[in-house]
Amino acid sequence: LLFFGPPPLVHPDDPTRAVLASMQFVEVFKRFELVGRFGVTTGRSYCGVCGSAKRMEYTVLGDCVNLSARLMANAPPLGILCDEDTSRHSTGEIVYKALAPIRVKGKANPIPIFRPMLKESVEPIGLTSDRKIH
């Protein structure tokens with residue numbers, strides 16, 4: 001479980017950061033010949049200490065956490081699935097392909113899902129690595 005944006009470390013581009021981190025994990029998993037699946041959701045959740053004096057742990061709870069687990073379970077090997085809120089709140093370096101909605105435990109209606117992809121790189125503006133100005 002990776003969690004982006006716990007108070008007071010919230011950033012307006014946390015959905016983008018989470019997707020980009022998942023993309024980097026896919027590359028690391030490939031390099032080590034591991035298999036992983038990733039589900040990224042955006043929303044409000046509870047984060048804090050739960051438990052008793054004998055056993056406490058920092059945790060994250062909420063609908064978006066549960067949905068993330070459901071997306072992860074439905075993702076293909078080395079794949080990333082995102083919810084609609086993540087696709088709407090991400091910045092421009094990621095584009096999303098809408099996939100067929102899926103049914104998940106705990107939801108009455110099918111959930112729209114999206115596959116993130118890096119936007120094709122655009123030509124740089126400014127000074128390039130070969131010291132030319134664009």
Side-chain angles (χ1 to χ4, degrees):
L1 174 67
L2 290 177
F3 179 59
F4 286 75
L9 304 174
V10 176
H11 304 95
D13 64 342
D14 279 331
T16 302
R17 291 173 185 230
V19 172
L20 292 174
S22 295
M23 290 176 168
Q24 289 178 340
F25 271 112
V26 166
E27 294 307 312
V28 169
F29 278 43
K30 284 179 185 176
R31 191 172 12 190
F32 288 103
E33 297 180 7
L34 299 171
V35 176
R37 301 164 199 269
F38 302 87
V40 182
T41 57
T42 298
R44 296 181 68 85
S45 59
Y46 167 81
C47 60
V49 178
C50 287
S52 66
K54 284 187 171 184
R55 180 168 183 226
M56 283 189 207
E57 59 186 21
Y58 189 83
T59 191
V60 182
L61 304 169
D63 186 56
C64 66
V65 178
N66 298 335
L67 180 56
S68 183
R70 304 288 186 244
L71 294 182
M72 181 186 73
N74 281 279
L78 297 173
I80 305 167
L81 292 180
C82 300
D83 69 342
E84 191 169 19
D85 284 343
T86 301
S87 71
R88 281 196 322 240
H89 292 95
S90 290
T91 55
E93 55 263 64
I94 301 170
V95 293
Y96 292 87
K97 178 181 181 190
L99 303 174
I102 60 171
R103 290 196 166 278
V104 297
K105 180 180 174 184
K107 298 286 186 180
N109 298 318
I111 302 298
I113 59 171
F114 300 82
R115 181 171 45 105
M117 297 167 285
L118 280 175
K119 193 177 209 177
E120 290 185 25
S121 60
V122 294
E123 193 159 320
I125 297 174
L127 188 63
T128 63
S129 60
D130 59 352
R131 300 191 159 282
K132 294 183 180 175
I133 297 176
H134 281 260

For [range], pull every pair meeting ring-ring contact (aromatic ring centres under 6.0 Å, His included), keeping only residues two or more places apart or in separate chains.
{"range": "residues 4-28", "answer": "none"}
{"range": "residues 35-84", "answer": "Phe29-Phe38"}
{"range": "residues 74-120", "answer": "none"}

Nearest-0.5 Å distance, [atom1] of residue [X] to [atom2] of residue [Y]:
{"X": "Arg88", "Y": "Asp83", "atom1": "CZ", "atom2": "CG", "answer": "8.5 Å"}
{"X": "Leu71", "Y": "Ile113", "atom1": "CG", "atom2": "CD1", "answer": "7.0 Å"}
{"X": "Thr91", "Y": "Lys119", "atom1": "OG1", "atom2": "NZ", "answer": "9.5 Å"}
{"X": "Met72", "Y": "Ile80", "atom1": "CE", "atom2": "CD1", "answer": "13.0 Å"}
{"X": "Thr41", "Y": "Leu67", "atom1": "OG1", "atom2": "CG", "answer": "5.5 Å"}

Only pairs at least two apart or in different chains count here, so list each salt bridge (Lys or Arg N to Asp or Glu O under 4.0 Å) that has a residue in residues 57-77.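 Residue pairs with at least one partner in residues 57-77: Arg55-Glu57, Asp63-Lys107.
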Test: salt bridge (Lys or Arg N to Asp or Glu O under 4.0 Å). Region: residues 6-16. Which pairs qualify, not counting sequence neighbours?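 Pairs touching residues 6-16 that pass the test: Asp13-Arg17.
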Indicate yes or no: at least one non-hydrogen side-chain atom of [X] is less than 4.5 angstrom from one of [Y].
{"X": "Asp85", "Y": "Cys64", "value": "no"}
{"X": "Cys50", "Y": "Met56", "value": "no"}
{"X": "Leu99", "Y": "Leu81", "value": "yes"}

Would you find a donor on one side and an acceptor on the other, under 3.5 Å apart, between the side chain of Thr16 and the backbone of Ser90? no
Looking only at atom types and distance, does a side-chain atom of Thr86 sit under 3.5 Å from a main-chain N or O of Pro15, one as donor and one as acceptor? no
Do you know which two heavy atoms are closest between [X] and [Y], and how far apart they sit?
{"X": "Val65", "Y": "Leu61", "value": "CG2-C, 4.0 Å"}
{"X": "Ala75", "Y": "Gly79", "value": "CB-O, 3.7 Å"}
{"X": "Glu84", "Y": "Pro112", "value": "OE1-CG, 3.7 Å"}

Would you say [X] and [Y] are hydrophobically clustered, going by side-chain heavy atoms of ILVMFWY under 4.5 Å?
{"X": "Val26", "Y": "Val95", "answer": "no"}
{"X": "Phe3", "Y": "Val10", "answer": "no"}
{"X": "Val60", "Y": "Leu2", "answer": "no"}
{"X": "Leu9", "Y": "Leu20", "answer": "no"}
{"X": "Ile102", "Y": "Val40", "answer": "no"}

Strictly by side-chain hydrogen bond (donor to acceptor under 3.5 Å, both in side chains), give each pair with a member in residues 18-34 just once, sequence neighbours left out.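 Not a single pair qualifies under side-chain hydrogen bond (donor to acceptor under 3.5 Å, both in side chains).
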